[in-house]
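None of these values were measured; they are calculated from a predicted model. Computation of the quantities below employed the complete heavy-atom set of this structure, encompassing side-chain atoms and omitting hydrogens, waters and symmetry-equivalent molecules. Proteins come first, then strands; the chains are lettered A, B, ... in the order of their sequence lines, and each starts at number 1.
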Protein chains: 2
Amino acid sequence: MEVRSVTRALQILEAVAQHQPVTVGELSKLLGLPKSTVQRTLLTLNEAGWLRANRKDTTRWDIGARVLAVRPAALQGSSLFAAAREPMIRLRDTLNETIHLSVPDGLQGAVIVDRVDCTHALRIVFAIGDISPLHATASGRAILAHLPTADVDEVVSRGLERFSDATPTDPVQLRADLERVRADGFSVNRNQYRPGVCAVAAPILDVDGTPIATITVSMPDSRYDEDKAPDWGRLVADTAAEITGRRQLGA
Amino acid sequence: MEVRSVTRALQILEAVAQHQPVTVGELSKLLGLPKSTVQRTLLTLNEAGWLRANRKDTTRWDIGARVLAVRPAALQGSSLFAAAREPMIRLRDTLNETIHLSVPDGLQGAVIVDRVDCTHALRIVFAIGDISPLHATASGRAILAHLPTADVDEVVSRGLERFSDATPTDPVQLRADLERVRADGFSVNRNQYRPGVCAVAAPILDVDGTPIATITVSMPDSRYDEDKAPDWGRLVADTAAEITGRRQLGA
DNA sequence: TCGCCCGTTCCACTGAGCGGCACGGTGTGC
DNA sequence: GCACACCGTGCCGCTCAGTGGAACGGGCGA
């Protein structure tokens, strides 16, 4: 939090993204900031092209298209979203569980960038933009398993935070699991991050083998079945492979 | 330019996006700002998750994954992407020319959000995120033709910038063309924006008739054939109509 | 070994940003 | 039809957050 106005501007931008189209007053209440401050910031973001007044109600604000030009290098010129969306929906239809698309954010974790929900009353809900640690989740380890050993060392040296009783906090245990993920082609998480939440994930790789995203199917522990995990793993891995293929097709 | 630090932070963010991975000094020279100011802003953006230190060289900066959570409303839920992807590929296979999916950005222009390339050695290449003016391109006029007259007036009053000899800078000429686009169901651009680049486009409409996107086929002038334009137009319009239908089905 | 240039840190100054307040318009409930 | 509540917008004096010049330390090449 170095430059206050910048930090706030980004908060406002993210709030607009989540609630668009949204008004000054709504944002003001949502973020607990004075109306005039929010207004001034909105005008600034608008002038920079990051926001647009909604065309049907000009007192409401939408995210502008400028943001699309700003993407992580790994995704420059690629169409990850477009390639992933349809296979994700098909996977959801097959399993009827929540499907997430995540991308690595340095070694900080994996960020959820897209989501397809299931129809169960009891379902897993993570928000787009949520970030989760690499060692404690299925999507994280699907990424970690395809990174150089030096990166794994780095993650280990930063400390393996414990989130639940099942979190793998032992480096030896973690490395063994990563070995297995490489062999299987998918990773599994049973209550290791959020208690009661299980997941199976597979990586989407770039042409040079670096992981650029993962597909994850998440479900409550009550619907997780150890015997079915290999089948789910194969389905998720196939979906990830299909997206990898589509990406190269369209590029 | 209301809040200076925010404006600069966004400039820096965009500069990082274009030159990543980039150092403090490079940015400082590039933008003509003091090193300390750039550094402070970079740290702020980093803390907010919008930037990440490059993994191979920690003094260089990359765009962080957080930005992916911020998207224009038209792309929220990605039903547009999913609906458009397959028809776009089919259209590319039929014509073997570059296909673009664009969305309007207020009245500022149309932004390319997805792309399917052709196989020709000589081909049109625009990047995802590129923005082009509404009056000077096929995709722009496909949008403009389905906006209220007040919006067209607004665009005209902002001035019709000339990009080439063929750019329609006369309001009367523009309005006549829009009339024709409505009648034909597709728009045509022959060297009106980038010399040597021709295109045919059709709009994707929302249930209430407002244009939310366009499908465009772009080709070099050397492959453009006036006689075939109507056929191409019909193909593009059919593709756009199919996407419109899929969107309503899948939503 | 020396010198250059890099990223980083510090700190005193000041004007940019802050936010309380007031205005005009809109719609809602008596 | 009136009054009130609430909206988005604009203003302006105060203050401290942001600025940027300068200095530091380390890496690298000559």
Quiz item: Are the charged groups of A:Asp130 and A:Arg115 less than 4.0 angstrom apart, N to O?
Solution: no

Self-check item: Salt bridge A:Asp114-A:Arg85, side-chain N to carboxylate O under 4.0 Å
Solution: yes

Practice problem: Work out which heavy atom in B:Ala213 is nearest to a heavy atom in B:Leu101; give both atom names and the distance. | Solution: CB-CD1, 4.1 Å

Quiz item: For DNA chain D, which residues in residues 12-21 of chain A have a heavy atom at a distance below 4.0 Å?
Solution: none

Self-check item: Contact letters for nucleotides 10-30 of chain D, in which S counts primed atoms plus P, OP1 and OP2 and B counts the base, heavy atoms under 4.0 Å
Solution: B------SSBBB---------

Exercise. Could you point out which residue of B:Thr41, B:Leu31, B:Leu33, B:Leu13 forms a side chain to side chain contact (heavy atoms under 4.5 Å, CB included) with B:Arg8?
Key: B:Leu33

Quiz item: End-to-end bend of the helix from C:dT1-D:dA30 to C:dC30-D:dG1 (five-pair axes, 10° rounding)?
Solution: 40°

Quiz item: A:Glu26 CD to D:dG8 P: how many Å, rounded?
Solution: 7 Å

Practice problem: Could you tell me whether A:Arg158 atom CZ has more than 12 heavy atoms of other residues or ligands within 6.0 Å of it? | Solution: yes

Self-check item: Pairwise distance CD(A:Gln108) to CD1(A:Ile131) - rounded to 0.5 angstrom
Solution: 6.0 Å

Quiz item: What is the ring orientation for B:Trp50 with A:Trp50, classed by angle as parallel under 30°, tilted 30 to 60°, or perpendicular over 60°?
Solution: tilted

Practice problem: Mind listing the closest non-hydrogen atom pair of B:Met88 and B:Ile215 along with its distance? | Solution: CG-CD1, 3.6 Å

Exercise. Measure from CH2 on A:Trp61 to P on D:dC7 and round the result to the nearest Å.
Key: 17 Å

Self-check item: Salt-bridge criterion met for A:Asp62 and A:Arg60 (N-O under 4.0 Å)
Solution: no

Practice problem: Among B:Leu174, B:Thr214, B:Leu134, find the one that has a side chain to side chain contact (heavy atoms under 4.5 Å, CB included) with B:Arg141. | Solution: B:Leu174

Quiz item: Tell me: CG of A:Leu45 to P of C:dG17, nearest whole Å?
Solution: 13 Å

